[in-house]
2 protein chains.
Amino acid sequence: MDNSQSIKQRTSSAGNSPAARRRRKFVIAATDLFSNNGFHETTVKEIAEKAGASPGLIYNYVRDKEELLSLAIIAVLESYKTEVPKAVIKYDDPVKRFAAALAAYIKVVADKPKATLLAYRYTAILPSPMRDQIKEMEIETNQIISDCITTCIDAGYFREANVEFVSYRAVLLAHGWALKSWRLGKLHNVEEYIEGNLDLFLTALFTEKGRRHYSKLCNEAPLGG
Amino acid sequence: MDNSQSIKQRTSSAGNSPAARRRRKFVIAATDLFSNNGFHETTVKEIAEKAGASPGLIYNYVRDKEELLSLAIIAVLESYKTEVPKAVIKYDDPVKRFAAALAAYIKVVADKPKATLLAYRYTAILPSPMRDQIKEMEIETNQIISDCITTCIDAGYFREANVEFVSYRAVLLAHGWALKSWRLGKLHNVEEYIEGNLDLFLTALFTEKGRRHYSKLCNEAPLGG
DNA sequence: TTCTGTAATGAATGATTGTTCATTTAATTT
DNA sequence: AAATTAAATGAACAATCATTCATTACAGAA
């Protein structure tokens with residue numbers, strides 16, 4: 001009868017009420033099943049089972065199956081947007097910041113590769129406003145990397161370049177870790193992948209000044225962390 | 001009653017019999033619909049309509065809906081495997097060959113970005129033997145690029161590097177053109193994208209000898225084809 | 001304990017859709 | 001023309017699931 005009342009809390013993911021916690025349980029279960037078996041191949045019943053509840057109950061916390069997908073994908077993007085800045089603020093040096101951002105991004109992806117794939121596979125089926133929100137979040141994370149690059153250029157460490165463009169490639173290669181695993185199987189470990197990509201970008205972008213600056217940095221304290 | 005007889009030709013895509021042509025019509029219609037609306041969102045009826053036939057007829061040419069998906073994805077990978085070598089054999093110079101391979105790959109992707117996305121989104125739902133075949137085809141195309149890089153290294157133009165690793169990144173960035181369009185919208189044209197990526201790899205990989213060699217090449221005749 | 005509102009259940013519903021197959025149409029042969 | 005084979009149709013079938021809702025279990029208040 002009354003529509004909007006029965007849905008407990010429509011806040012995106014925050015909150016610690018019992019309602020919010022139960023809701024999160026459903027999202028987690030759904031994420032897991034969607035990631036492993038695909039969205040269309042997963043039934044609501046299975047999600048309920050995995051969350052230790054009955055199928056009907058899900059509809060008290062979520063409008064429909066699709067909303068679970070939205071929430072799952074948004075959680076992934078949120079983890080990018082949280083983890084990358086957290087890594088960046090630890091450093092002052094522009095080059096270190098860039099390196100930390102790239103490394104952090106790859107690590108988040110590597111931590112839950114299936115989740116990244118989920119976003120890749122299913123963003124397209126979401127209704128357009130939701131897609132826009134997701135795109136917005138992507139761009140925000142990209143911006144963090146862009147800023148790092150811009151700072152490096154301003155400091156004279158990186159040569160002039162289309163920043164937006166370079167950062168897009170960095171992000172793509174980060175996602176690449178997840179895309180790789182099922183396309184070509186496991187070839188390397190994450191550390192190697194991070195190092196290889198960092199090397200690629202730095203070698204391509206450094207000015208002479210940047211190169212000297214960097215080798216001095218490396219002698220002082222090894223990168224990574 | 002008799003199963004295997006009524007299916008006209010189970011050959012992958014070749015043949016010019018009327019049967020093969022009709023079969024291809026279905027695959028083309030399916031590819032278009034799957035690409036634009038998604039596999040699960042497309043009904044067999046729609047495919048039939050688009051192909052100008054009745055739903056029942058499809059099953060004379062194809063085992064099931066899923067086989068249409070297989071054929072669609074395989075067609076994409078086949079176009080990679082055909083176009084890239086075609087571009088490479090036009091050149092003798094190792095660096096030019098690498099450049100041509102990368103450019104060709106990006107161009108095929110850019111020509112049918114939706115098709116590339118199709119492969120990304122739906123390979124996972126295919127049965128494992130089909131997935132393996134697709135993976136095999138991927139690797140074969142990768143190998144072409146790997147070979148280019150190895151030749152460059154042997155000639156002393158590129159520095160030592162993990163070849164498999166570098167070629168994977170090249171492929172990923174090629175696919176990136178398709179992945180980009182719907183994630184971040186259109187930022188650049190393909191030509192810029194090709195040039196930017198080429199620049200990235202060459203700057204990162206060149207030895208001093210390679211750099212000199214390349215600038216000599218560029219003065220003789222501008223790259224690209 | 002009794003009452004009351006909320007949480008939870010899970011069988012029933014209804015809509016969708018891949019697939020089949022009895023039937024018709026067309027093409028080819030005799 | 002008649003007979004035979006192949007191609008094509010599309011209504012009907014069967015299975016699947018997302019979603020609903022009548023019903024039950026529960027929690028706290030009076």
Side-chain angles (χ1 to χ4, degrees), chain A residues 1-10 15-27 29-31 33-34 36-72 122 125-127 130, chain B residues 1-10 15-27 29-31 33-34 36-72 122 125-127 130:
Chain A
M1 291 295 141
D2 46 355
N3 308 332
S4 57
Q5 199 179 24
S6 59
I7 310 287
K8 300 298 142 43
Q9 308 258 11
R10 192 44 61 75
N16 208 27
S17 57
R21 252 177 298 133
R22 171 134 339 236
R23 179 194 173 92
R24 214 146 30 215
K25 259 202 117 176
F26 286 129
V27 175
T31 303
L33 289 165
F34 292 164
N36 286 308
N37 308 334
F39 174 73
H40 298 94
E41 289 75 12
T42 301
T43 67
V44 173
K45 210 175 179 182
E46 287 170 326
I47 299 171
E49 240 166 63
K50 180 142 210 160
S54 60
L57 187 58
I58 291 185
Y59 293 84
N60 282 354
Y61 297 89
V62 129
R63 181 172 28 256
D64 52 18
K65 190 186 174 190
E66 195 180 270
E67 189 173 17
L68 284 173
L69 180 61
S70 289
L71 291 170
Y122 294 116
I125 72 172
L126 295 177
M130 196 50 74
Chain B
M1 291 295 143
D2 44 356
N3 308 333
S4 58
Q5 200 178 23
S6 58
I7 309 286
K8 300 297 141 43
Q9 307 258 12
R10 192 45 59 77
N16 208 28
S17 58
R21 253 177 297 131
R22 165 113 16 216
R23 178 195 173 91
R24 212 146 31 214
K25 262 202 114 178
F26 287 129
V27 175
T31 303
L33 290 165
F34 292 165
N36 286 308
N37 308 335
F39 174 73
H40 298 94
E41 289 74 13
T42 301
T43 66
V44 174
K45 212 176 181 181
E46 287 171 326
I47 298 171
E49 242 166 61
K50 179 142 210 159
S54 59
L57 187 57
I58 291 185
Y59 293 84
N60 282 355
Y61 297 88
V62 128
R63 183 176 23 259
D64 52 18
K65 191 186 173 190
E66 193 179 273
E67 189 174 16
L68 284 173
L69 180 62
S70 289
L71 291 170
Y122 294 116
I125 72 171
L126 295 177
M130 195 50 72

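Just the heavy atoms: all of them, side chains too, but no hydrogens, waters or symmetry mates, feed the values below. To find a chain, count down the sequence lines: A is the first, B the second, and so on, and within it residues start at 1.
- Nucleotide C:dA26 holds its P atom 14 Å from the CG atom of B:Leu57, rounded to whole Å.
- In this structure, of D:dA18, C:dA8, C:dG18, it is C:dA8 that holds the atom nearest to the side chain of A:Ser54.
- Atom CD of B:Glu49 and atom C1' of D:dG10 are 12 Å apart (whole Å).
- In this structure, the nucleotide among C:dG18, D:dA18, C:dG10 sitting nearest to the side chain of A:Pro55 is C:dG10.
- Following rounding to the nearest Å, A:Tyr59 (OH) and C:dA12 (P) show an atom-to-atom distance of 18 Å.
- When distances are taken from the side chain of B:Asn60 to each of D:dT19, C:dT19, D:dA8, the shortest belongs to D:dA8.
- One interatomic measurement links the two molecules: CG of A:Leu68 to P of D:dT19, which rounds to 9 Å at whole-angstrom precision.
- Distance B:Glu66 CD to C:dT17 P: 18 Å, rounded to the nearest Å.
- Protein atom CZ of B:Arg22 is 4 Å distant from nucleotide atom P of D:dA8, rounded to whole Å.
- B:Val44 has its side chain within reach of B:Tyr59: a pair of non-hydrogen atoms, C-beta onward, lies under 4.5 Å apart.
- By the 4.5 Å heavy-atom criterion applied to side chains, A:Glu67 and A:Met130 are not counted as neighbours.
- A:Ile125 is not listed as a side-chain neighbour of B:His40, based on a closest heavy-atom distance of 4.5 Å or more.
- Of the candidate nucleotides C:dT19, D:dA18, C:dT17, C:dT19 has the atom nearest to the side chain of B:Lys65.
- Atom NE2 in A:His40 sits roughly 13 Å away from atom C1' in C:dT16 (whole-Å rounding).
- As rounded to whole Å, 8 Å separates atom P of C:dG18 from atom CD1 of B:Ile47.
- Taking each heavy atom of B:Phe39 and B:Lys65 in turn, the nearest pair found is O-NZ, 3.0 Å.
- Side-chain atoms of B:Tyr61 lie closest to D:dA8 of the nucleotides D:dA8, C:dT19, D:dT9.
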